[in-house]
Amino acid sequence: MATGILIGLLVVIVLLILFFISTYNRLIRLMNEVKNAWSQIDVQLKRRHDLIPNLMETVKGYMQHERETLEHITEARNLAMRPGSVSERAQAEQQLNQALHNFFVVVENYPDLKANQNFLALQEELTSTENRISFARQAYNDTVMNFNNVLQMFPTNIIGAMFGFKGQDFFEIQDAAEREVPKVSFK
Amino acid sequence: MFELVRKNKHRSVIFACIMLFFMLALGYSIGAFISYCCYYGELSQPDRQHRTVQRTPYDYPQSYSQDYQEPVYRGKNISYLSPQQIYYFIWFYWGPLGALVTFFIWFVQMIYAYYSGGNMLLSISNAVPIEKQDCPQLYNIVEEISIASRLPKIPEIYIVDSPEMNAFATGRSPEHSAIAVTRGLINNMNRDQIQSVIAHEISHIVHRDTLYMTILAVSVGTIILIVVGLREVVGAGIRGSTRYSRRRDREGSGLILLFLIVIYIFALILSVIAPLLAQIIYFASSRQREYLADAGAVVFTRNPEGLASALETIANGYAHTSNEDVNKVVAPLYIVNPLEAHNLNASSIFSTHPPLQKRIQILRNIAKTPSLTSYEQAWQQVVGKKWKQPLLSETPQPAPVSSTSSQPQPAAQQSLAQASIAPTQSSATPPSTPQQKARITGDAIMKAKKFTFLNCQCGVILKMPPNYKGKVKCPRCQTIHNITK
């Protein structure tokens, strides 16, 4: 009888230890997935930075009169490439976004440029890069949600608290203006 | 996305388990049934062990009777088994043996399909691998969705040079995956639509649908193989024993013949029911996987309208084409099955895809935030049922079986004669005779092995092995073809 209880206890302890190990490893794996997803955003941002010199080279001949717009883009790019804190870089990326947006509005006035094969290819690359950046953010947020879900649910939350795991932050748009729905008035 | 994959995995395991269990149970029952028939004589005379058997010299040849020893198993004389022992043998030896043999057949096929299935499908559909400079936009789109789905590796991209609009994905795992897109799809769709189609295919890859469907398809194949194989072997046995029965003593062979006929009837019934059941499970899970791939695509792109309009465009593209040009081997893999694209509401238990109308409606019903829950809600609104496996309940009445049955048509002789003269035409019409089916399959395999297909002026198609050089004489019109390559 006594040995039976002993064996039962042993089995329970072994199972508990196995559960601890597997949960801990799972949390670590999910954590690393979050980190990897974060670095993917950087990879795609860098891709955008690398595209910009090419773009400038292509459009320079066509857009003599838009020097200011082009300079804006180059400036914003250089700013964004500089190492800094996350919020600083986010701000710089925001500027770059704005500058590129202005640029594509201006391009509408240059039909020659819009017919240039090289430019069209670059435009496709830029479109794709924008998509990649937003998909990378989306994937990052999904991994964060996954991690937070696991971390906050019972019984993983006990083990998570024991080893000091912390919930991760979502990637959110810092600029409140960008989040706002554009207003259309018919006056 | 995460609940989606998790739910998906659970369902797959259940479906695959049902299928494998069915297959092994079939093997088990065949083994048990045959052994039961073999032991029937002894079981019907349970007191036989108490009888003294008088052997006459005529029972065995002279030399044999001298050397004859009673069979011994683990120190026991087993020439006379008690009924309990016989039943033990049937349930715990012959039955499991049948299941084991079935599993072995399945396993061998599975290994082959696992390692070469993907390449075979790509070469059957004449898909050509492309690099980034060949089609930058498609390449970019695939990379974008790979980022969104966090695939470990970007799938290889193939283009099928065909004016129709379609796409499919293969590959045993996300690391060994490929996406094939038709030229028509790239030319006729906008970026959002292509993106949605690619997302659907990548969601197939993420869910490992190819591997899953391969397991199911190989199981269906194994079930058909063992059942039809049993039928054919026993049928041959019956024919053989009736042919030679006069030479042997009639009492023994008469009994054997009776057993053979009983087994034959058993196999005949199985060969009708078992493949049908297996195919119903297979097609039901295929349709379910399409719904899930749609859901996955929406989760990746967060753009249900893109996929809905893409599906519509694909269906419109097929509105004016006939089924003749469709590659039937690859058809079930496509995002929209070309054979089912004519009728938007077409649905039967033998459909590989859910009705298009329903798929589009679900996508359009998805509320603001695309997620699995909203897909579920939309699914409920359209189908009017709970989000459960619509295994057999999805279609109330049985579908017409005639299209899938392999019964030879009355005109089999005629069409066979036609097929041997003009094989190109036979592959265009739906394969009706086993010979035509075998020809199509054989052609597909030869194509995959990179055979050269040579059209002779008289209509004969010469199939030459790869790397063959020299002269070939057409067997029909004696024209000499020179192969230099």
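To find a chain, count down the sequence lines: A is the first, B the second, and so on, and within it residues start at 1.
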[X] side chain to [Y] backbone, donor-acceptor under 3.5 Å:
| X | Y | value |
| --- | --- | --- |
| B/S162 | B/T182 | no |
| B/D294 | B/H200 | no |
| B/S203 | B/A293 | yes |
| A/Q138 | B/V299 | yes |

message = Would B/R302 and A/D142 count as a salt bridge (charged side-chain N to carboxylate O under 4.0 Å, His left out) here? Give the steps.
response = CA-CA 12 Å; B/R302 317 267 153 124; A/D142 287 345; 3.0 Å; yes
Neighbours of chain B found in residues 98-112 of chain A - heavy atoms under 4.5 Å = none
inquiry  = Applying a heavy-atom distance below 4.5 Å, give me the residues of residues 123-132 of chain A that approach chain B, sorted by number.
reply    = A/E124, A/E125, A/T127, A/S128, A/N131, A/R132
query = So, for B/P354 and B/R359, which heavy atoms are closest and what is the spacing to 0.1 Å?
reply = O-CD, 3.8 Å
query = For B/A308 and B/L363, which heavy atoms make the closest approach, and how far apart are they?
reply = N-CD1, 3.7 Å
inquiry  = For A/F147, give me all partners under ring pair (Phe, Tyr, Trp, His ring centres under 6.0 Å), at least two apart in sequence or on another chain.
reply    = none
ask   = Residues two or more places apart in sequence or in another chain: which of them pass ring pair (Phe, Tyr, Trp, His ring centres under 6.0 Å) with A/F165?
value = A/Y24
